[in-house]
Amino acid sequence: MKVLSVASEFYPLVKTGGLADVVGALPGALKGQDIEMRPFLPGYRAVMAAAEGGPALLKLADLFGGPAWIRSGKSGEISLLILDAPHLYDRPGNPYLGPDGLDWPDNAQRFAALAAAAAMVARGAVAGLRPDIIHAHDWQAGLVAAYLHYQDGARPGVVMTVHNIAYQGQFSAELLAMLGLPPESLSIDGIAHHGQIGYLKAGLQLADRVTTVSPGYAAELLSAEFGMGFEGLFRARAGIMSGILNGIDEEIWNPATDPQLAASFDAKHLRGRARNKAAVQERMGLKQDQSALLFGIVSRLVWQKGIDLMLASVPSLLACGAQLAVLGTGEPAIEAALRDAAARHSGRIGCVIGFDEGLSHLMQAGVDALLVPSRFEPCGLTQLYALRYGAIPVVARVGGLADTVIDANPMALAAGVATGVQFSNPDEAMLQAAIRRTAGLWQHKPAWRQMQRNAMASDVSWHEPARQYAALYRSLQLARALI
Ligand code: ADP
């Protein structure tokens with residue numbers, strides 16, 4: 001079976017968050033299920049430079065204002081399709097933002113182009129590459145479903161995955177003619193969303209199946225609190241909706257072989273963690289102290305991630321004798337507040353502002369506990385890395401965080417199955433209580449070691465998620481064959 005995976009990010013070529021990891025890992029994970037998945041990506045400058053570009057398979061004379069080519073490419077073992085459209089993508093830096101930190105003004109065209117070209121491939125425009133299923137990720141790929149729905153001809157089934165409902169891709173209704181979609185598409189059962197064109201809305205409304213990245217988030221999306229305006233649509237489409245957890249790449253994220261670590265270790269030989277802890281303390285300007293409980297955060301610095309709750313909880317954390325190391329980048333106000341906290345509590349709080357893949361690995365290997373105080377979290381990857389590296393995840397009880405961490409409540413501790421700490425209603429008081437509870441657990445070294453062993457034994461691989469995606473694709477293909 002052939003699946004075309006349409007997305008705006010792909011690890012290792014272009015990444016701003018977890019979406020890239022998932023799109024990068026799925027093709028390898030699905031091989032074992034006899035599924036050939038090909039990612040279809042915009043030809044950003046970084047992608048054109050790093051992918052082993054192949055020949056043009058199709059030339060499009062004019063794609064939203066300039067010529068474009070669909071090229072084959074390769075990243076490691078993975079075969080790609082790349083939309084080479086220099087007028088849309090040959091730009092420096094971030095895939096979404098210009099140098100001024102604002103969205104590129106033509107993002108509507110940039111991602112409509114990706115979707116329109118993907119729809120052509122879906123209908124067999126590239127010989128030998130006609131997919132059986134289109135898997136569209138997030139709003140940047142949402143219009144694929146619209147192009148396939150409103151244009152004639154046989155089409156494959158479409159799966160739409162929401163990685164984060166906060167990013168919806170809404171644009172002025174005046175762009176409709178430019179998109180090449182018919183006037184009737186701008187309706188409530190089409191692509192219209194509150195008087196605008198909704199790219200994610202289009203995908204959620206018109207795809208054959210909708211998935212999100214954890215069962216917990218799939219349930220939360222039905223509520224006004226988490227649905228962010230889409231709860232009605234999700235309720236209407238609940239029958240075709242499901243949640244499939246993300247896995248992680250266990251070769252890249254393997255503490256026994258990870259080249260980014262100061263010392264390797266595994267579940268049976270945890271001693272190497274101490275050297276990594278010392279290395280994190282050094283990088284973060286923290287006091288060298290193995291006995292201090294070292295909390296870490298690796299995160300985009302945005303409201304969703306609850307970093308402000310953490311900043312408000314600094315006194316509680318310090319009162320427990322703990323240290324805090326933060327790696328992150330994002331909103332300038334949060335970055336400034338972190339720098340300020342590090343300056344005021346030098347040696348006990350440290351931060352590195354920036355995106356540093358290598359340091360993110362070292363952090364997972366060196367911190368004792370990884371804090372994830374998110375207000376909402378569709379799946380979350382950092383707590384999965386933490387489990388694998390024996391850093392105890394301390395997480396808000398939302399979405400995929402709730403689904404992947406077993407709270408150290410008295411029953412779980414007695415049964416010897418706890419893997420971390422959860423707290424509900426992400427707010428300051430609850431976070432502070434969780435920090436104190438974690439500090440209490442830290443005092444009981446045998447219990448802590450047991451949690452580390454449990455955490456490291458958790459199945460965070462792609463094995464089960466890949467099986468579930470394969471089953472979904474197959475059932476959709478069967479359902480469409482019966483139409
Ligand atoms: P989201 O996709 O919402 O950002 P996830 O937890 O799903 O959150 O994925 C975040 C990914 O980005 C993880 O792979 C994490 O390690 C990585 N990451 C986040 N911030 C940084 C950073 N400053 N430096 C390196 N990696 C980071």
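The structure presented is a predicted model; accordingly, all values stated were derived computationally and were not measured. Order of appearance sets the numbers: ligands from 1, and atoms from 1 within every ligand.
The shortest N or O to N or O distance between F355 and ligand 1 is not under 3.5 Å. For a threshold of 3.5 Å applied to N or O pairs, the pair formed by T16 and ligand 1 contains no separation below that value. At least one N or O atom of G354, backbone or side chain, sits closer than 3.5 Å to an N or O atom of ligand 1. Below 3.5 Å of separation, one finds no N or O of N164 facing any N or O of ligand 1. Residue contacts with ligand 1: R300 is placed with a nitrogen or oxygen under 3.5 Å of a nitrogen or oxygen of the ligand (distance criterion only). Considering backbone and side-chain atoms alike, K305 places an N or O below 3.5 Å from some N or O of ligand 1.
Using a 4.0 Å cut-off between heavy atoms, D356 contacts ligand 1 through its backbone alone, with no side-chain atom that close. Residue-level proximity to ligand 1 for Q383 is absent, since no heavy atom of it falls below 4.0 angstrom. Under 4.0 angstrom from ligand 1, there are no non-hydrogen atoms of P378. In N246, neither the side chain nor the backbone holds a heavy atom less than 4.0 Å from any atom of ligand 1. The proximity of H163 to ligand 1, defined as any non-hydrogen pair under 4.0 Å, does not occur for either the backbone or the side chain.
Counting heavy-atom neighbours within 6.0 Å of R275 CZ, excluding the residue itself, gives a total of 12 or less. Heavy atoms from other residues, nucleotides or ligands lying under 6.0 Å from NZ of K287 number 12 at most. Heavy-atom neighbours of E282 CD from other residues, nucleotides or ligands within 6.0 Å: at or below the threshold of 12.
Ranking protein heavy atoms by distance to atom 2 (O) of ligand 1, first place goes to G18 N, 2.6 Å. For atom 5 (P) of ligand 1, the nearest non-hydrogen atom of the protein is L381 N, 3.6 Å. The protein heavy-atom contact nearest to atom 15 (C) of ligand 1 is T382 CG2, 3.6 Å. Counting only heavy atoms of the protein, atom 20 (N) of ligand 1 lies nearest to S299 C, 3.5 Å. The protein non-hydrogen atom at the shortest distance from atom 12 (O) of ligand 1 is K15 CE, 3.7 Å.
Checked against D138 for a side chain to side chain contact (heavy atoms under 4.5 Å, CB included), the options I165, L19, V23, V6 give a single hit: L19.
Within the 3.5 Å criterion, the main-chain N or O of L222 finds a donor-acceptor partner in the side chain of R235.
In summary, the atoms of ligand 1 found under 4.0 Å from a heavy atom of G17, numbered by their order in the structure, are 2 (O), 4 (O). Listed by atom number, the atoms of ligand 1 under 4.0 Å from G380 heavy atoms are 6 (O), 7 (O). Each of the following atoms of ligand 1 lies closer than 4.0 Å to a heavy atom of Y385: 13 (C), 14 (O), 16 (O).
The aromatic rings of H135 and Y473 lie perpendicular to each other, with more than 60° between the two planes, well past the 30° mark.
Side-chain contact, D258 with Y389: a donor N or O sits under 3.5 Å from an acceptor N or O. No hydrogens or angles considered: a donor-acceptor pair under 3.5 Å links the side chains of R110 and N107. A donor-acceptor pair shorter than 3.5 Å can be found between the side chains of T161 and T211.
Under the 6.0 Å cut-off for aromatic ring centres, W253 and Y385 qualify, their centroids lying closer than that. If you look at F111 and W104, their ring centroids are not closer than 6.0 Å.
Using a 4.0 angstrom heavy-atom cutoff, Q364 does not count as in contact with ligand 1. Heavy atoms of G328 come nearer than 4.0 angstrom to ligand 1 in at least one pair.
Salt bridge E377/K305: present, at least one basic N to carboxylate O contact under 4.0 Å. Contact check on D289 versus R348 returns no salt bridge, with no Lys/Arg side-chain nitrogen under 4.0 Å from an Asp/Glu carboxylate oxygen.
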